[in-house]
Amino acid sequence: MDLTTRIRRRQRSGDDSQLVLDYDAISPVAHLREPTGRGSVLERLLDYVDPVFDDRLPRNAYVWGPPGTGKSAVVTALFARLGRLRSLSGSVIHTSTRGGTGVTPDLVSVDARHADSDFGLYRAILDAVLEEFVPEHGVSTETLHARLSEYLAPYDRRILVALDHVGEPDARRLVELASALDTVPDSLSWVAVGRASPSTLPEAVRPPDRIEVPAYREHALVDILTARASAGLARRAVEHEQLRQIASWADGNAHDALSALFAAAHAADSAGASRVRERDLWDGMNAVPRPSVSLGRVLALPDSRQQVLRRLVTLGEEGTSVSAAADAIAGSPAVDLSAGTVQRLIYELANDGIVERVASDRSNGAGRPPSRLEPQFPTAVFRQLYDIQPSSIAEA
DNA sequence: GATCCACGGGAATACACGGATG
DNA sequence: CATCCGTGTATTCCCGTGGATC
């Protein structure tokens, strides 16, 4: 057990109940080292990356499928594992900028939600590939581009980049990413991970290799829930039949299923129960809006946005309108933003679909009626995950 | 001095309503 | 009765500024 896990366990409130042993294990945003139930997808991905074993570079590719199907999980796990295997084999000093003898392609994962400019994209790749620190300020996009090109220039240097979450609501679109990568030497390939069907991609960026990741079958989802529950919950905390209910309700979406399990377990735990009761199960499923914005996306938002959301989900009466919510949030000592900025952020979040503005039914005369705010993600799960983030441990 | 980015602030625009107008 | 107008909010849009850094 690592330190973070230990700290998290200690952080649990209410020491008596031992229902949830490890929130991380049942977290919808944590990816397991061994993804469950995605064997055939994994096989296809292995076929795709096969050239890497011969120190060659695969072509561009596109992995796609609906939300909550483990696309990211599989690709992330594969890249991590390959990177680890390679460094174990010791045949390549891939992180060294000095060596120059490396021939195995570098494997880099980039979250398109973070690399939201050409600058960010180049920086993310360089940062993964170079040992030295890559500046975040004070240097032009052009400079980073040149550095990347320079890195790739030697004949035997190659990079395979996984572009995760491509084209999702607040990530860049593949077209933009691809064209940014088009201008570097072609000893760089990418494998994009997204939701949209390849037929919706412009022909110019539609890669030759495509791997579809279909929704989970119900029994596969039950397996996933079972594995997670046994890793993170006390023995017998939840019954097989309850997991089956969640799986059936989640309709193939692992994110939603795990969120419901998480929320149910948390509800039971904080009520001091030793097992998930029917009402907890019910609460858990009700805690997840359908469709739900993925928590991975919420937790990938810039800090200021997450702070705003964290306060927003605990507002009561003060949250009845955008401006009232903004005032209340800006007034919180934990938030260091002006009310105007908070308000703008809320509107931005609403535009991105992370919260929904609902037209108020009652109008009291003058002016345009304010709208109510409804988060489109599992708020209970978000609160818990946000509060146990390492950063908040540091602050505490 | 240059660079990127997040903030902040405010102008411009959209909308809802009641009342006035033709 | 159908439209237009004025007023008061809500929402969107835009851009300058300053921090942090090289």
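Worth saying up front: this structure is predicted, and the values here are computed from it rather than measured. Below, all heavy atoms of this structure are taken into account, side chains as well, without hydrogens, waters or symmetry copies. Residue numbers start from 1 in every chain, and the chains themselves are labelled A, B, ... in the order their sequence lines are given, proteins ahead of strands.
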Please determine whether any donor N or O and acceptor N or O are separated by less than 3.5 Å between the side chain of A:R344 and the base of B:dG8.
yes
Whole-Å distance separating the [atom1] atom of [X] from the [atom2] atom of [N]:
{"X": "A:L337", "N": "B:dC5", "atom1": "CG", "atom2": "C1'", "answer": "14 Å"}
{"X": "A:E136", "N": "C:dG19", "atom1": "CD", "atom2": "P", "answer": "18 Å"}
{"X": "A:L144", "N": "B:dT3", "atom1": "CG", "atom2": "P", "answer": "12 Å"}
{"X": "A:L121", "N": "B:dC4", "atom1": "CG", "atom2": "P", "answer": "15 Å"}
{"X": "A:R368", "N": "B:dG18", "atom1": "CZ", "atom2": "C1'", "answer": "17 Å"}
{"X": "A:H137", "N": "C:dC22", "atom1": "NE2", "atom2": "P", "answer": "8 Å"}
{"X": "A:I346", "N": "C:dA10", "atom1": "CD1", "atom2": "P", "answer": "13 Å"}
{"X": "A:N351", "N": "C:dT11", "atom1": "CG", "atom2": "C1'", "answer": "9 Å"}

Between A:H145 and A:F119, is the ring centre distance below 6.0 Å?
no
Hey, does [X] reach any base, or is it just sugar-phosphate, or nothing, if we go heavy atoms under 4.0 Å?
{"X": "A:S117", "answer": "sugar-phosphate"}
{"X": "A:F119", "answer": "sugar-phosphate"}
{"X": "A:R357", "answer": "sugar-phosphate"}
{"X": "A:R305", "answer": "sugar-phosphate"}

Can you see if the side chain of [X] gets near the phosphate of [N] - specifically, an N or O under 4.0 Å from OP1 or OP2?
{"X": "A:S323", "N": "C:dT9", "answer": "no"}
{"X": "A:S304", "N": "B:dC7", "answer": "yes"}
{"X": "A:Y347", "N": "C:dT12", "answer": "no"}
{"X": "A:T341", "N": "B:dA6", "answer": "no"}
{"X": "A:S140", "N": "B:dT3", "answer": "no"}

For residues A:T341 and A:S338, is any side-chain donor paired with an opposing acceptor at under 3.5 Å?
yes
Does any donor atom in the side chain of A:D118 or A:T141 lie under 3.5 Å from an acceptor atom in the other side chain?
no
Closest heavy-atom pair and its distance - A:P66, A:K71:
O-NZ, 2.8 Å
Could you grab the distance from atom CZ of A:R147 to atom CZ of A:R123, nearest 0.5 Å is fine?
10.0 Å
